[in-house]
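Worksheet for the structure shown next.
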There are 2 protein chains.
Amino acid sequence: MTEKTYQHIKELLSEAGLKATHPRIAVLHELMLSDEHPSAEQLHDRVSRQYPSVSLGSVYRVLEKLVEADLVYQVATRGGSKRYDANLEQHCHIYSINTEEIQDYYDPELNELIKNYFHEKQVSNFKITDIKLQINGEKRDPKSKVTIV
Amino acid sequence: MTEKTYQHIKELLSEAGLKATHPRIAVLHELMLSDEHPSAEQLHDRVSRQYPSVSLGSVYRVLEKLVEADLVYQVATRGGSKRYDANLEQHCHIYSINTEEIQDYYDPELNELIKNYFHEKQVSNFKITDIKLQINGEKRDPKSKVTIV
DNA sequence: CTCCTAAATGAGAATTATTCCTATTTGGCT
DNA sequence: AGCCAAATAGGAATAATTCTCATTTAGGAG
């Protein structure tokens, strides 16, 4: 991790009122590097390479805090383990049931469409944090990416 | 359960190529009665009242089979336990993070909008089974329903 | 209607995912 | 440099789900 990245992550944590500890910096960094929405265990594996002393329990606790602080998004899945996403831009998920992969799908036009649609709506007794479109299905060739054009 | 309902559920199972066993009939029936997207354990509690011999393990197995046969939908959640839905009509979910409640939201206009949008799109290497919009947030008064108009 | 067999079940052990506990350590402030 | 509330490591405990295997059952064949 470059000095610049390191400082940036420290700032993100401080701004959120969280102590910039090694486990937190390392977990957030790994999550920012990844686009595959890893689980706590996967993150622990990766973090352990650089910081072998970080425990799995801490990774769980760190993730909980990061989600609470809105620095990290917790992805909705159909079971298995919890999955996380450090990309907070509005985007969709392509959820491949057979491979458990969750691929991002960016579509500004679609975002606009949904945003406008709900702009007209009155939602009572509920504070919307986000609206997420999930495209569910099965990946045909597990080795290749899914593309939408 | 009326005789008619019973026969109907038996037919659904047969048509899907599944033996119409008591655990299966009971679980599917309970799920059809419910609109709160229960977990396996909740379903087991309910089924147990009528059929005390049905084991929790069987409820898990039955649900797996029903999902496989597309008689039941498995809802995406942010952890906790797996949740199920016997309503296969296209609809959205309002997911209340604080109460773990998942409320249905029917909106034919929105369904059309999304359907049309993706009709134009080319999706490669993927077989879409469904596209689900999830409205995430926090319920203000946990005792009342959320409404969207 | 009874028999047969593959499939499904019940009961409980085993596994996986996550949270909790407590003594120790550490980041951020003075 | 020293303090202290907050965070951590390590491991125990709990929750959710799957697995194992002996027994039962649904539904087709005779």
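Each chain gets a letter, A, B and so on, in the order its sequence line appears, and its residues count up from 1.
At a threshold of 4.5 Å between non-hydrogen side-chain atoms, the residues A:Asn116 and A:Glu112 count as touching. Between B:Ser81 and B:Glu41 there is no side-chain heavy-atom pair separated by less than 4.5 Å. Side-chain contact between B:Leu71 and B:Leu13: present, with at least one pair of heavy atoms (C-beta onward) separated by less than 4.5 Å.
Taking the side chain of A:Glu41 as heavy atoms from C-beta on, and the options C:dT18, C:dA17, C:dG10, the nearest nucleotide is C:dA17. When the nucleotides D:dA16, D:dA9, C:dA6 are ranked by their closest atom to the side chain of B:Lys19, C:dA6 comes out on top.
Using a 4.0 Å cut-off, some side-chain N or O of A:Ser55 falls inside it from OP1 or OP2 of D:dA9. OP1 or OP2 of D:dA7 sits under 4.0 Å from a side-chain N or O of A:Arg24. Taking only side-chain nitrogens and oxygens, B:Tyr60 never comes nearer than 4.0 Å to OP1 or OP2 of D:dT18. For C:dT9, neither phosphate oxygen OP1 nor OP2 lies less than 4.0 angstrom from any side-chain nitrogen or oxygen of B:Lys65. For B:Lys82, a side-chain nitrogen or oxygen approaches OP1 or OP2 of D:dT18 to under 4.0 Å.
Nearer to the 5' terminus of DNA chain D, by closest-nucleotide assignment, is the contact made by B:Gly80 (compared with the other of B:Lys10 and B:Gly80). Of the two residues near DNA chain D, A:His22 and B:Thr21, the one whose nearest nucleotide lies more 5' is A:His22. Residue-to-nucleotide proximity on DNA chain C shows that, of B:Gly79 and B:Val59, the 5′-proximal contact is made by B:Val59.
Residue A:Glu68 contributes atom CD, which lies 14 Å from atom P of D:dA6 at whole-angstrom precision. Protein atom CD of B:Gln42 is 15 Å distant from nucleotide atom P of D:dA15, rounded to whole Å. If you measure from atom OH of A:Tyr51 to atom C1' of C:dG27, you get 14 Å, rounded to the nearest angstrom. We find that CD of B:Glu11 is positioned 16 Å from C1' of D:dG27, with the value rounded to whole Å. Separating the NE2 atom of B:His44 from the P atom of D:dA16 is a distance of 14 Å, rounded to the nearest angstrom. Nucleotide C:dC21 holds its C1' atom 16 Å from the CG atom of A:Leu56, rounded to whole Å. Atom CG in A:Leu63 sits roughly 15 Å away from atom P in D:dA7 (whole-Å rounding). Distance CD1 (A:Ile25) to P (D:dA7): 13 Å, rounded to an integer number of Å.
The pair B:Arg61-B:Glu64 does not count as a salt bridge, with every side-chain nitrogen at least 4.0 angstrom from each carboxylate oxygen.
Among the atoms of the strands shown, none is found under 4.0 Å from any heavy atom of A:Ala40. Counting non-hydrogen atoms under 4.0 angstrom, B:Glu64 reaches nothing in the nucleic acid. If you check every strand for non-hydrogen atoms under 4.0 Å, B:Ser53 touches sugar and phosphate atoms only.
Panel note: side chain B:Ser14, backbone B:Lys10; a donor-acceptor pair is recorded below 3.5 Å.
Within the cation-pi definition used here (under 6.0 Å to the ring centroid, within 45° of the axis), B:Lys132 does not qualify as a partner of A:Tyr95.
Judged by distance alone, with hydrogens and angles left aside, A:Arg61 brings no side-chain donor or acceptor close enough to the base of D:dA6 to form a pair under 3.5 Å.
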